[in-house]
Amino acid sequence: MSTTRTLHVLVSGGGIAGNAVALQLLRAGIRTTVVERAPEPRPGGQAVDLRGPSREVAGRMGLMPGIRKYQLDERGMAYVDENGREFARMPAEMFDGKGPIAEIEITRGDLNQVLLTELATAGRELDYRYGDWIEGLEQDDAGVVVGFASGATERFDLLIGADGVHSATRRLAFGPEEQFATYLGGYTSFFTIPTPAGAEPGWFKMHSVPRAAVGIRPDAEPATSKAIITMRTAADPALRRDVAAQHELIRTMLAEAGWETPAVLSAMATTPDFYFDELARIDMPSLTAGRVSLLGDAGFCGSPMTGMGTAMAIVGAYVLAGEIAATPDDLAGALARYETVVTPFLAKAKELPGGGIKMMLPNSRLGTKMAHASMKLMTSRLFKPLIMKMMTDTDDYTLPTY
Ligand SMILES: Cc1cc2nc3c(=O)[nH]c(=O)nc-3n(C[C@H](O)[C@H](O)[C@H](O)COP(=O)(O)OP(=O)(O)OC[C@H]3O[C@@H](n4cnc5c(N)ncnc54)[C@H](O)[C@@H]3O)c2cc1C
């Protein structure tokens, strides 16, 4: 990477995408400011997968020692009925790390911590601001003038919007969310719970009823686990900021569910890191508008159902920072190359494995029984080639070297 000290880049959002791009920019000697709306690093999130070329990027960024420290012990995934009886079991090695359990699984919060630790020693130029956010922006040929909620107004050469699926940067620079978002038919929720007594170490267990599923997944600490809930239901904009309504929806959708569901629902009331969002896909006609570029879920979300959100964030960050550092005097050229280089990867990564929420969560009891029967088939070696074909495989993507 070449070195420049003239550019000043603002990154909106300190999630995986924002922190990964900030780290690479700083290492290239580029002055970087990160503005994160939350008052401190946001904990939470269950296991995110490092698949395909994102493993290679994590290695090139020197993140693997940190990742290995936090890597989860996930040995496989199993489906259980209402009495906790297992009817389908898939060890991780069955799909060579390309199935539901990836070769590298780490909680979102821990991966973000690995990035924050690297950022702390990456360079003198980092300016990291918690508890602030962009309220307005104006562009001209030379840069972007940003107004912050704190009252400050500052000029930057480039603004990178890495502020998640409901990106404020995208709204301000490209237009309202409805223009770019597609509702994928449901909601998802993740939160930490006490590990149920008798849980099998290292195993991700799932139970489903018509239109909803609840899973319990290993956490970094044996005493806690991550609950994951997926629901198939119509979009309800009133749910966006109403945690009580979100809890109520979850309780209603899982009212008939057995197994450990009552314990999960009771832990939900006091969990420290309740996360709830709609399953949505973001498709942008272009990732750049003048001096504003989008990264991660803000620009290319496929929803947690793809299992590729973190991989897309990391690969996108690596390419964006690499292209900027390659031609710091030609930002327009760098941003155009960023888009050309990542688009083939994103197109593949955004594909939903296995037909999306309708196939995953049938409406009726009969449909749910049939889905359970097909889970049993999936565990048969005979069906392995078919299942491998259904999974998103981005290993053939050629990652540029910067
Ligand atoms: C708390 C949390 C838990 C998650 N858990 C999971 C999970 O368990 N499984 C999974 O598959 N995916 C999860 N996700 C989504 C996953 O992190 C992303 O799909 C993926 O890592 C891409 O990350 P991102 O950085 O683009 O977006 P995000 O991870 O959403 O990060 C965006 C960041 O921007 C900040 N932000 C939002 N608005 C503003 C603003 N206006 N100004 C400044 N900052 C802003 C947010 O606080 C957040 O830190 C979670 C996201 C969050 C925020």
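In each ligand, atom 1 is the first atom listed, and ligand 1 is the first ligand listed.
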Under 3.5 Å, is there a donor-acceptor pair linking the side chains of [X] and [Y]?
X      : Y      : value
Asp277 : His166 : yes
Arg129 : Ser150 : no
Thr288 : Ser293 : yes

Which option, [options], owns the non-hydrogen atom nearest [atom]?
atom                    : options               : value
atom 53 (C) of ligand 1 : Met305, Arg108, Glu36 : Arg108
atom 32 (C) of ligand 1 : Ser303, Ala162, Gly13 : Ala162
atom 15 (C) of ligand 1 : Val21, Asp297, Leu294 : Asp297

Close-contact set for ligand 1 against [X] heavy atoms, below 4.0 Å:
X      : answer
Ala168 : 41 (N)
Gly296 : 26 (O)
Ser12  : 42 (N), 43 (C)
Gly164 : 27 (O), 30 (O), 32 (C)
Gly309 : 20 (C), 22 (C)

What orientation do Phe87 and Tyr79 show, parallel under 30°, tilted 30 to 60°, or perpendicular over 60°? tilted

Taking the non-hydrogen atoms of Ile134, is any one of them nearer than 4.0 angstrom to ligand 1? no

Within the structure, does Trp133 bring an N/O atom to less than 3.5 angstrom of an N/O atom in ligand 1? no

Polar-atom distance check: Ile16 versus ligand 1, any N or O pair below 3.5 Å? yes

Electrostatic pair Glu105:Arg217 at N-O distance under 4.0 angstrom: yes

N-O pairing of Glu200 and Arg75 below 4.0 Å: no

Is there a donor-acceptor contact under 3.5 Å from the side chain of Gln139 to the main chain of Ala289? yes

Of the side chain and backbone of Ala17, name the one, both, or neither that has a heavy atom under 4.0 Å from an atom of ligand 1. both

For ligand 1, indicate whether the residue Val35 contacts it via side chain, backbone, both or neither (heavy-atom separation under 4.0 Å). backbone

How about CD on Glu256, more than 12 heavy atoms from neighbouring residues, nucleotides or ligands closer than 6.0 Å, or not? no

In Arg171, Arg281, Arg240, the residue satisfying salt bridge (Lys or Arg N to Asp or Glu O under 4.0 Å) with Glu177 is Arg240

